Amino acid sequence: MAELQEVQITEEKPLLPGQVPKAAKTHSVETPYGSVTFTVYGTPKPKRPAILTYHDVGLNYKTCFQPLFQFGDMQEIIQNFVRVHVDAPGMEEGAPVFPLGYQYPSLDQLADMIPCILQYLNFSTIIGIGVGAGAYVLSRYALNHPDTVEGLVLINIDPNAKGWMDWAAHKLTGLTSSIPEMILGHLFSQEDLSGNSELVQKYRNIVTHAPNLENIELYWNSYNNRRDLNFERGSDITLKCPVMLVVGDQAPHEDAVVECNSKLDPTQTSFLKMADSGGQPQLTQPGKLTEAFKYFLQGMGYMASSCMTRLSRSRTASLTSAASTDGNRSRSRTLSQSSESGTLPSGLPGHTMEVSC
Ligand code: BEZ
C-alpha cells in the first residue's frame, strides 16, 4: 500500500477536501500501473459510500452498466449515491491502442489502481458492482482493503484461476475461434448466441468492431491469467462485507458462482440465480436486479423502505427467498427469480416482505 499512497495524480488536480466532482465527469489518474479513467455521476452524499462499478471484458462502463443505471426504477436508488464507473485501462471510449509489447496490468494490479481513484475523489468507502473480470477485480480489492468496502454485488464471478483442463480447452477453442468469438462465449451462453436476439447482435457488433480490440485482448489475457482468489469459508481469506452473488440460470459462469457461494460467509452472502436472463443479467433483467439491489441496500441500512415509495408501490413482487422465512441467518440466502410470488426478500436477514401494487 505504501507505494499507492505516494501516487501522483496527473492530468487533473486532485479534488480538495469538501470539493465535489461535477455530475458525469470523466477523470483520469496516473497509478503505478498506468493511467485509469473513470466517470463520476451524481454528487457525494454525506455518510454514504460511493457506488463503484467495474465492467467485464469486451465492454466498457457504458456498454456494461448503462441499461441498469438508466433503468426507470433504479433512479430512485442511485439518486442517493454518487457513482464512480471505472473503465479498465484502454477500454474507455476513444482509447488509443496500446503500443506493441505494452505490459497490461494483471487483474490484481487493476485492483491496486482503485485506491488511487478513491484517494483522488476523497471517497472513503464503496459499494462495488462488478461483472465477470470486474467482479474479480472488486473482490481482490475488497480482500486487500476490507475496511473500505461496505458491500459487493458480484455478477458472473469466477474466483478461480484457470486449471490445466481449462487451459487446454481455452487453447483448443483459440485454434478455431477468433478473440471476439471467445469473448462473446464468455459474455453469453451458447443458447444466447444461437438465439441471436437483438441484444446479442448489438453486443456481437460492439465486440467484433471494437476499434480497441487489441486492448480488449490484453484485458482478456489478464482475465485468463488471473490468480485464484482462494476464498475459504471460515478462513481469513474471505469477503467480510455483505455480498450479493448474481448469475443467470444456465449462464456460462453458473457453476463458478455456485462454488463461490459455497466458499463465502453464509451470514453475509445472498445468491441470486436469475431465470431467463442469459449471460448478462444486468442487461437483460435490469428490473429484477434493481429490485434485488434495493433489498441488498436496505439490508445494509440504506434506503429505508419508507423512502422507496414509488418503487415499492409500483411493482408486483417478482422474487422469492428460498431460505428467508425462518429467521436463520446462519444459512446463505438463495433468491430464485419467480414471476408469481407475492413475497420479496427483505434486505434484513431472514425475513420476507410482502409487496403489492
Ligand atoms: C449513472 O447514472 O450512474 C449512469 C448513467 C449512464 C450510464 C452509466 C451510469
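From a predicted model like this one, the values you see are computed outputs, not experimental measurements. All values below were derived from every heavy atom in this structure, side-chain atoms included, with hydrogens, water molecules and symmetry-related copies excluded. First listed ligand is number 1; within each ligand, the first listed atom is number 1.
A salt bridge is defined here as a Lys NZ or Arg NE, NH1 or NH2 lying under 4.0 Å from an Asp or Glu carboxylate O, and D265 with R233 fails to meet this definition. A salt bridge links K263 with E259: the closest approach of a Lys/Arg side-chain nitrogen to an acidic carboxylate oxygen falls below 4.0 angstrom.
Cation-pi check for R48 over F81 is met; the charged atom lies under 6.0 angstrom from the ring centroid and within 45 degrees of its normal.
Of the inter-residue distances, the one linking D276 atom CG with K288 atom NZ reads 8.5 Å to the nearest 0.5 angstrom.
Ring geometry, H27 versus F38: the interplanar angle falls under 30°, so the pair is classed parallel (tilted spans 30 to 60°).
Annotation: salt bridge (Lys or Arg N to Asp or Glu O under 4.0 Å) contacts of D56 (sequence neighbours excluded): none.
Residue-level contacts of ligand 1 at the 4.0 Å heavy-atom threshold are Y41, Y61, Q66, F69, Q70, I78, R83, H85.
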